[in-house]
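Predicted model, so just to flag it, every value in this text is computed and none were measured.
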Amino acid sequence: MSRASFDVLVVGAGAAGMMCAIEAGRRGRRVLVVDHAARPGEKIRISGGGRCNFTNLGCGPANFLGENPRFATSALRRFTQHDFVKRVDGAGIAWHEKTLGQLFCDHSAKQVVAMLTDDMAEAAVDLRMKTSVDRLSRSGDGWSVGLSDGSEIAAASLIVATGGKSIPKMGATGWAYEVARRFDIRVTETRPALVPLTFEAGLLETLAPLAGVSVDARVASAPTDKWRKARFDEAMLFTHRGLSGPAILQISSYWREGEAVVASMAPGLDVFAALKAARTENGRQAVHTALAHIVPRRLAEYVCAREGVSGNLADISDKVLQRLDQAINAWSVKPVGSEGYRTAEVTLGGIDTAALDQQTMQARAVSGLFFIGEAVDVTGWLGGYNFQWAWSSGWAAGQVC
C-alpha cells in the first residue's frame with residue numbers, strides 16, 4: 001500500500017479549495033488536492049450561464065448572511081475583489097461588468113478554471129480527481145487519511161473545501177458537516193438559498209396565465225425577526241411553480257416557511273396617480289389597457305380580473321384605482337416552499353463561525369483543521385459575492401496551513 005506525506009491535504013477542488021492550494025503551494029508547502037468529481041471547478045464552469053460571475057465590485061461584509069456575518073470581514077478585506085480581478089487580468093481573461101457591479105468573463109468560465117489549475121500546477125500542487133476520502137483520523141498533531149484510490153496519506157493540515165448541499169447533481173454532499181460534528185464543531189441550520197420559491201396548487205392555478213411574465217420589481221421580506229428584513233430591486237419572474245428571477249433568489253435567503261414576501265411590481269411609480277392622469281386624458285380607455293402601460297399586459301389583465309375591475313376608466317372611482325395601486329405595488333403572497341437544493345445556487349448556514357478563527361479559518365479547538373468556502377456559515381447575495389468569499393477564505397487559509 002502506497003503512503004505519502006504532505007504538508008496540506010485539501011478536500012474539494014472547487015473555487016475555495018483551489019485558491020487555498022495555490023496559496024499554500026506558493027509558500028513552498030507540499031499540497032495534495034482531492035475531489036470525487038471528474039473535473040475541477042465544476043460549479044465555476046456552469047456559473048453565470050457559462051461565463052462565471054467571478055466577483056462583485058461592491059463586495060463587502062454587508063452583502064453576507066449568517067449567525068455572525070461580520071466573521072467574513074477579515075478575509076474579505078485582506079484579499080479583496082480587486083485582488084482577484086488583478087489575477088484575472090494577469091491571466092489575460094477578458095471580462096465585463098453587468099448591473100450592480102457583477103463581473104463576468106467575456107468568453108467562458110472555463111478560462112477561470114484553467115487559470116486556477118495552471119496556478120496550482122505552477123505551485124507544484126498534486127491534483128487528484130475521482131478520488132474521495134474513505135478514512136480520516138488524527139495522527140499526533142496531524143492527519144492520517146485513506147483515499148479511494150487505495151493510497152494512505154499523512155498530512156499536517158486538513159482543509160475541508162467540499163461546499164454545501166446545493167446542486168447535488170454535481171456531487172454536492174454534506175461531508176464537511178460530518179467532519180465538523182465528528183470533532184464536536186457545531187453546524188448551524190442549513191437550508192437552500194438563492195433558490196426559486198414555490199406556491200400551493202390552488203394559487204398556482206390562478207397564477208397560471210402569468211407563467212413566463214417578468215417585471216422589474218422591489219421584493220421585500222416580511223420576517224418575524226428583524227435581522228431577516230431585506231428588500232431587493234431586481235427582476236422577478238412568474239413560473240409554473242411560483243416565482244423566480246434575481247429579486248426572488250435574493251429574498252429566498254431571508255424568507256422562512258409561513259412568512260409572506262411583498263412585491264412592488266412598478267417600484268418608484270405612483271400607480272394611482274398614473275391611472276388618474278390616464279382617466280383625465282382618455283376616460284374611454286379600458287382600465288386594463290391603461291394598466292398595461294405600467295406593467296406587462298398579462299399582469300394588467302390578471303390584476304384587473306382578480307380585483308373584479310372592468311370597464312372604462314371614466315367609470316372607475318378613485319377608491320378602486322387605489323385598490324389597483326395596492327394590487328400592483330403591495331402584493332403580499334405566502335410561498336409554501338422553495339425548489340430545494342436541486343436548483344439552489346448556495347447553501348445557507350453551515351460550520352459555526354464561532355468555532356473558527358476569522359484570520360485563518362482554522363478550527364479553534366482542533367489544530368490543523370480548516371473549513372473554507374460554502375461549507376462555512378457565511379452566505380453571500382446573488383451576484384458574485386459567494387465566489388469572492390471562496391477566493392478570500394481560501395486565500396486566508398492558504399497563508400497559514
Side-chain angles (χ1 to χ4, degrees), residues 1-42 44 75 78-79 83-84 87 90-91 112-163 175-176 179-180 182-183 351 356-357 359-364 366-373 375-376 390-401:
M1 181 181 293
S2 62
R3 182 176 180 85
S5 294
F6 292 87
D7 298 311
V8 181
L9 171 61
V10 180
V11 184
M18 288 193 284
M19 190 68 173
C20 178
I22 291 164
E23 292 303 303
R26 287 175 174 176
R27 291 172 45 236
R29 306 287 279 170
R30 293 167 298 161
V31 182
L32 170 64
V33 178
V34 300
D35 196 303
H36 66 275
R39 296 181 294 184
E42 283 294 85
I44 299 172
R78 287 185 296 137
F79 187 84
D83 293 320
F84 191 75
R87 298 200 178 189
V112 175
V113 177
M115 176 187 77
L116 296 167
T117 54
D118 287 349
D119 285 350
M120 283 197 296
E122 188 176 322
V125 172
D126 185 346
L127 174 63
R128 300 184 196 176
M129 302 305 297
K130 298 182 180 180
T131 305
S132 56
V133 174
D134 284 350
R135 182 184 54 77
L136 171 67
S137 62
R138 287 291 264 173
S139 178
D141 291 333
W143 302 92
S144 178
V145 182
L147 300 178
S148 61
D149 63 4
S151 60
E152 293 286 323
I153 299 297
S157 295
L158 173 65
I159 314 296
V160 180
T162 52
W175 190 76
V179 173
R182 180 174 169 183
F183 293 96
I351 310 302
L356 305 179
D357 184 296
Q359 296 280 331
T360 65
M361 309 302 297
Q362 184 171 208
R364 296 182 184 278
V366 186
S367 63
L369 177 61
F370 299 75
F371 294 91
I372 58 177
V376 179
W391 313 134
S392 297
S393 62
W395 181 92
Q399 307 309 304
V400 296
C401 63

Exercise for the section: Go through F6 and V8 one step at a time and tell me if the side-chain contact (heavy atoms from CB on, under 4.5 Å) criterion holds. Expected result: CA-CA 5 Å; F6 292 87; V8 181; 6.0 Å; no

Practice task
May I ask you to decide if F79's main-chain N or O and S392's side chain share a donor-acceptor pair within less than 3.5 Å?
Solution key: yes

Exercise for the section: Verify, without hydrogens or angle tests, whether D7 (side chain) and R30 (backbone) share a donor-acceptor contact under 3.5 angstrom. Expected result: yes

Handout entry: Crowding at CD, Q359 (>12 non-hydrogen neighbours, <6.0 Å)
Key = yes

Problem - Value rounded to 0.5 Å, distance of CG in L356 from CG in L369 - result: 8.5 Å

Handout entry: From OG1 (T131) to CG (L32), nearest 0.5 Å
Key = 8.0 Å

Exercise for the section: Would you confirm whether R182, through its side chain, and L136, through its main-chain N or O, come within 3.5 Å as a donor-acceptor pair? Expected result: yes

Handout entry: D83 backbone acceptor or donor facing W391 side chain under 3.5 Å
Key = no

Exercise for the section: Say whether, by atom type as modelled, one donor and one acceptor occur between the side chain of S393 and the main chain of G373 under 3.5 angstrom. Expected result: yes

Practice task
Give, for atom CG of D119 and atom CD1 of I22, the distance between the pair rounded to the nearest 0.5 Å.
Solution key: 4.5 Å

Handout entry: For A16 against I372, the heavy-atom pair lying closest together
Key = O-CD1, 3.4 Å

Handout entry: Any side-chain donor near an acceptor of the partner, R138 and S367, under 3.5 Å
Key = yes

Problem - Any donor-acceptor N/O pair, R3 side chain to A154 backbone, under 3.5 Å - result: no

Exercise for the section: Could you tell me whether the side chain of W175 reaches within less than 4.5 Å of the side chain of V160, counting heavy atoms only? Expected result: yes

Completion exercise
Nearest heavy-atom approach of A13 to M18 is O-CE, 3.6 Å

Problem - Donor-acceptor contact below 3.5 Å, side chain Q362 vs main chain A397 - result: no

Practice task
Could you grab the distance from atom CG of D35 to atom CE of M129, nearest 0.5 Å is fine?
Solution key: 4.0 Å

Completion exercise
Distance col, row S157:OG vs D141:CG, nearest 0.5 angstrom, shows 10.5 Å

Handout entry: P40 vs L127 side-chain heavy atoms within contact, under 4.5 Å
Key = yes

Handout entry: CA sep, side-chain torsions, deciding dist, call: V10, F370, side-chain contact (heavy atoms from CB on, under 4.5 Å)
Key = CA-CA 9 Å; V10 180; F370 299 75; over 6 Å; no

Exercise for the section: Hey, could you give me the CD/CG distance between E152 and L147, rounded to the nearest 0.5 Å? Expected result: 7.5 Å

Practice task
Might you point out which heavy atoms bring V11 and T162 nearest each other, and give the distance in Å?
Solution key: O-CG2, 3.4 Å

Problem - Partner of E23 by salt bridge (charged side-chain N to carboxylate O under 4.0 Å, His left out), out of R87, R29, R78 - result: R87

Problem - Non-hydrogen side-chain atoms of R128 and S151 separated by less than 4.5 Å - result: yes

Problem - Student check: side-chain heavy atoms of S148 and K130 closer than 4.5 Å - result: no

